[in-house]
2 protein chains.
Amino acid sequence: MSNIYLSIYRELAQQIEKGKWKTGGKLPSEKELSEHYGTSRETVRKALNLLSQNGYIQKIKGKGSFVLGFNRYDFPVSGLVGFKELLSKTKKSWKTYIHVLKPAISDPCISSQLGLKRPEPIWEVVRVREIDGEKIILDKDYFRQEYVPVLTEDVCKDSIYEYLEKKCSLPISFAKKVITIERMTEEDRQLLDHQEESYVAVVRNYVFLEDNTLFQYTESRHRPDKFRFVDFARRN
Amino acid sequence: MSNIYLSIYRELAQQIEKGKWKTGGKLPSEKELSEHYGTSRETVRKALNLLSQNGYIQKIKGKGSFVLGFNRYDFPVSGLVGFKELLSKTKKSWKTYIHVLKPAISDPCISSQLGLKRPEPIWEVVRVREIDGEKIILDKDYFRQEYVPVLTEDVCKDSIYEYLEKKCSLPISFAKKVITIERMTEEDRQLLDHQEESYVAVVRNYVFLEDNTLFQYTESRHRPDKFRFVDFARRN
DNA sequence: GAGTGGTCTAGACCACATC
DNA sequence: ATGTGGTCTAGACCACTCG
């Protein structure tokens with residue numbers, strides 16, 4: 001795929017991250033950019049709109065496009081991003097313990113979370129995430145086997161997302177996240193390092209494919225003192 | 001402002017909400033829509049992309065645009081949305097108590113949250129939100145007086161957002177939300193109905209104007225058992 | 001092959017900001 | 001008046017899906 005506007009977006013995004021354009025500074029005008037890239041203005045505009053949506057720039061009518069500069073490193077949480085990508089931009093040391101990795105038949109509770117009418121073969125993965133020597137996150141993943149025939153330990157130590165999207169080329173299309181605060185379960189207490197906390201922050205992630213079928217359900221249970229969710233929202 | 005693509009977006013969004021197009025059903029093709037609205041295909045595409053970004057539809061190459069159908073009523077939380085808009089789509093009864101509403105000089109803590117180098121005149125608003133007879137949310141708002149000269153009780157009982165954007169026509173451009181779990185303060189304990197909880201879910205909202213200045217800081221403190229944050233994320 | 005959405009173009013007019 | 005971004009057009013070619 002060529003995709004001019006995407007490559008312009010990536011180039012500009014990288015340049016902004018590397019500091020080629022100063023925070024608060026102005027990018028070249030749309031006309032100049034279209035001449036520089038030898039493309040049409042609408043195509044440049046698609047790239048700039050992507051930058052805007054992702055918090056890199058701010059467009060102001062009659063003035064120009066200005067580079068925003070607040071810490072982009074804690075942004076990636078909002079969106080379809082997994083644990084590995086989350087940590088890649090920080091310098092913390094981390095480790096993943098695979099506690100459970102097995103094929104199973106969905107019990108009524110999981111069936112309902114996956115929107116299944118009847119029990120079905122699934123993968124069940126339970127992982128504990130350790131950051132800076134503390135076990136802080138309990139990740140419980142459930143996939144429909146119909147879509148993921150093979151799942152190995154190596155994959156689970158890494159990013160499951162990457163594996164599903166790149167290796168299995170599953171058409172992941174959108175996800176819905178629901179964040180709640182819940183009482184610790186016995187399982188939380190056993191697997192996570194904790195002091196006297198009695199609550200955990202629970203992020204339930206429902207992942208849908210292009211045909212609108214729900215194929216993955218993930219429950220991410222965080223120790224409350226280490227939990228932090230960042231969201232970036234643009235008006236219009 | 002005419003803005004064809006926005007009006008097409010709103011019309012289709014309303015039709016979808018009213019059930020004119022069935023969940024899982026197909027919208028007319030882009031060609032048909034452009035003929036129906038007497039406009040170009042690119043313009044229709046802008047409307048459809050908006051629908052897609054807001055979770056109304058799912059576009060599939062070679063097939064068409066399909067109507068998604070999960071409960072849209074709990075979506076509005078993700079985005080720049082205030083308490084009043086949040087409740088408007090539900091049927092719960094609610095009430096707002098204004099606890100504090102006064103001009104003040106920003107103390108060091110607030111100055112730092114608002115990114116101010118030196119103390120500055122601000123508005124301080126503390127409100128308690130009651131839903132179904134229970135005091136559940138404590139909202140603490142801080143605005144720079146430079147931008148908001150007048151603030152009345154009536155405005156605070158309603159939506160401050162609406163007032164700022166429509167009445168004051170402040171160019172609100174984007175916001176950053178940070179969600180954390182924190183121990184209850186003495187103030188939380190006094191103002192909220194609670195049982196034995198010791199934690200609250202804190203949503204810190206930083207609102208920026210078009211010129212990239214931070215002008216509002218809001219702290220929304222929720223009783224954990226009633227807290228729920230929903231996020232919708234589309235891949236690409 | 002026909003229908004669909006995805007990308008791209010070259011130009012147009014508008015509203016807003018600046019001088 | 002000039003430069004900027006916002007909208008819109010009429011057409012083009014491509015990649016994908018489906019019969």
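Each of dT7(C), dC8(D), dG5(C) was ranked by its minimum atom distance to the side chain of Lys59(B); first place goes to dG5(C). The side chain of Asn3(B) lies closest to dT7(D), out of dT7(D), dT4(D), dT18(C). Across dC8(C), dG6(C), dA12(C), the shortest atom-to-atom separation from the side chain of Ile4(A) is found for dC8(C). Considering only the side chain of Ser29(B), dT4(C) comes nearest among dT7(D), dT4(D), dT4(C).
Taking CD1 from Ile4(B) and CG from Leu6(B), the interatomic distance works out to 11.0 Å, rounded to the nearest 0.5 Å.
Here Tyr5(A) does not reach the OP1 or OP2 of dC8(C): none of its side-chain N or O atoms lies under 4.0 Å away. Between Arg45(B) and dG6(C) there is a side-chain N or O to OP1 or OP2 distance below 4.0 Å. Contact check, Thr39(B) against dT9(D): a side-chain N or O comes under 4.0 Å of OP1 or OP2. The side chain of Thr43(B) places an N or O atom within less than 4.0 Å of a non-bridging phosphate oxygen (OP1 or OP2) of dT9(D). Using a 4.0 Å cut-off, some side-chain N or O of Lys63(A) falls inside it from OP1 or OP2 of dT18(C).
Across the protein-nucleic acid pair, Arg41(A) atom CZ and dT7(D) atom P stand 10 Å apart, rounded to whole Å. Per the geometry, NZ belonging to Lys31(A) stands 14 Å off C1' belonging to dA10(C), to the nearest Å. Atom CD in Gln58(A) sits about 15 Å away from atom C1' in dC16(C), given to the nearest Å. Put simply, CG on Asn49(A) is 16 Å from P on dG6(C), counting in whole angstrom units.
Qualifying side-chain hydrogen bond (donor to acceptor under 3.5 Å, both in side chains) partners for Glu30(B), counting only residues two or more places apart in sequence or in other chains: Arg41(B), Arg45(B), Lys59(B).
One finds no salt bridge joining Arg221(B) and Asp139(B) here, because no Lys/Arg side-chain nitrogen approaches an Asp/Glu carboxylate oxygen to under 4.0 Å. Electrostatic pairing of Lys31(B) and Glu35(B) counts as a salt bridge here, judged by a charged N lying under 4.0 Å from a carboxylate O.
Summary of the strand contacts: Glu42(B) and Leu27(B) both lie near DNA chain C, and taking for each the nucleotide with the nearest heavy atom, the more 5' one is attributed to Leu27(B).
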